[in-house]
Colleague: 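Mind looking over this structure? Questions follow.
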Amino acid sequence: MKKMKSLMLAALALGAVAMSAVHADACSRVLYVGQDSLRIVGRSLDWKTPIPTNLYVYPRGITKVGNTQPGSVKWTSKYAAVYAVGYDGGITEGMNEKGLVVNGLFCKGTVYVNDSTMSRPPMSLAMFVGWLLDMNATTQEVVDVLQQHQFNISGATFDGGTVSALHWGVTDATGDCCVFEFDHGNINIYRGKDMPMMTNDPTFPQINAINDYWVKVGGENMLPGTVKSPDRFVRGYFFDGHVVKTGDTDTGISITRSIVMNVSVPYLYTVDGGEPNVSSTQWRSFADIRDLRYYFDIVTNMGLYYIDLNGLQLQQGAPILKLDTSRSREYVGCVNDKLEVSKGFTPMY
């Protein structure tokens, strides 16, 4: 039985790698650090087809489960949060009321499970980011949860059978950051203060080694210009370190937005002869940690808009709120008044 279990795990792992290699996997995340405690986490979500994404605000005090399987992780949220929910079924990223931001980006080769994790409480990828945001105020608290590793990650496929091979960036209000990656069921955690850049594969230590080479070359002389993950990392890292530092929210958002656009992939970008691993940027987000504003920028829309958590009722008993992003392509500025009471999304466990 143990041998059969190991063979099944190996098959699942190979399947995850194969599926993630066939499909596009481009995303970028940048942290802008300005003056007066201004920190903005910007990211692009890149995929070969549009990923319908709605925004939800969940108040405190809601009981949730990580999966429908017996013994799944269960919790009652300590903190309110805004989530970006793909396909109305899975949380891609978000920010909570304490300024904790969690971003999920694709990472080829990710394998979440091994023999030792299979008996741990189930946790679906659809709820994983929500659990971290609901229950933790700081990056250190997230790291503690990860090191305890009292969960077993699983998740439904999407977009015609694609496996969600991901790694995550975590940023808190003090600038304490981590990137964590799953390596055959083991969690590798990389810590740092105000970690500026994150893209996809290779692994975080390897991509930083590539960036170290380009730092020595000097971005004023030459920067790699393709849409490949290491090239986007290098460009974002360089520009993030060579922009004006401001304490003004609007200026900071504009700066961060311009950097993320520089590492985005043009909409409907194609390569002569066909290229299976090409991803267009579908949307961008900007989490203003200091001011608790979550900005959203769909590339086919006319403007940038945001949810202001400071202007909402977040206490236990307050309603769940939803912004259906398909309702209008003309949202601009604060959209708190466009939020509607909702029963919440239905997780794709």
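All of these numbers come straight from a predicted model, not from anything done at the bench.
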Colleague: Should the heavy atoms of other residues, nucleotides or ligands under 6.0 Å from CD of Q313 be counted, would the total exceed 12?
Modeller: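 No, not enclosed.
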
Colleague: Indicate every side-chain donor-acceptor pair of residues 51-58 with a distance under 3.5 Å to a residue at least two apart or in another chain.
Modeller:
{"from": "T53", "atom 1": "OG1", "to": "I51", "atom 2": "O", "distance (Å)": "2.9"}
{"from": "T53", "atom 1": "OG1", "to": "W283", "atom 2": "NE1", "distance (Å)": "3.0"}
{"from": "N54", "atom 1": "OD1", "to": "T325", "atom 2": "N", "distance (Å)": "2.9"}
{"from": "N54", "atom 1": "OD1", "to": "T325", "atom 2": "OG1", "distance (Å)": "3.3"}
{"from": "N54", "atom 1": "ND2", "to": "D88", "atom 2": "OD1", "distance (Å)": "3.2"}
{"from": "Y56", "atom 1": "OH", "to": "D88", "atom 2": "OD1", "distance (Å)": "2.9"}
{"from": "Y56", "atom 1": "OH", "to": "D88", "atom 2": "OD2", "distance (Å)": "3.2"}
{"from": "Y56", "atom 1": "OH", "to": "K322", "atom 2": "NZ", "distance (Å)": "3.4"}
{"from": "Y58", "atom 1": "OH", "to": "F345", "atom 2": "N", "distance (Å)": "3.2"}

Colleague: Tell me, please, which residues at least two apart from K98 pass salt bridge (Lys or Arg N to Asp or Glu O under 4.0 Å).
Modeller: none

Colleague: Please check this pair: side chain of R284 against backbone of I298, looking for a donor-acceptor N/O pair closer than 3.5 Å.
Modeller: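 It does not hold such a pair.
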
Colleague: For the residue pair W214 and Y237, is the inter-centroid distance of their aromatic rings smaller than 6.0 Å?
Modeller: no

Colleague: If we ignore hydrogens and angles and just use 3.5 Å, is the side chain of T246 paired with the main-chain N or O of D248 as donor and acceptor?
Modeller: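 Indeed, once roles are kept as given, a pair shorter than 3.5 Å links the two residues.
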
Colleague: Is the ring centre of Y295 less than 6.0 Å from the ring centre of Y306?
Modeller: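 Under 6.0 Å, so yes.
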
Colleague: For the residue pair F128 and F180, categorise the inter-ring angle as parallel (less than 30°), tilted (30 to 60°) or perpendicular (more than 60°).
Modeller: perpendicular

Colleague: Among W131, W75, Y112, find the residue that satisfies the ring pair (Phe, Tyr, Trp, His ring centres under 6.0 Å) test when tested with F151.
Modeller: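 Of the listed options, the one satisfying the test is W131.
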
Colleague: Angle class for the H149/F182 ring planes (parallel below 30°, perpendicular above 60°, tilted otherwise)?
Modeller: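 Ring orientation of H149 relative to F182: perpendicular.
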
Colleague: Between the side chain of N114 and the main-chain N/O of S116, is any donor-acceptor distance below 3.5 Å?
Modeller: yes

Colleague: Would you say T199's side chain and S229's backbone share a donor-acceptor pair under 3.5 angstrom?
Modeller: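 Looks like yes, one N/O pair under 3.5 Å.
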
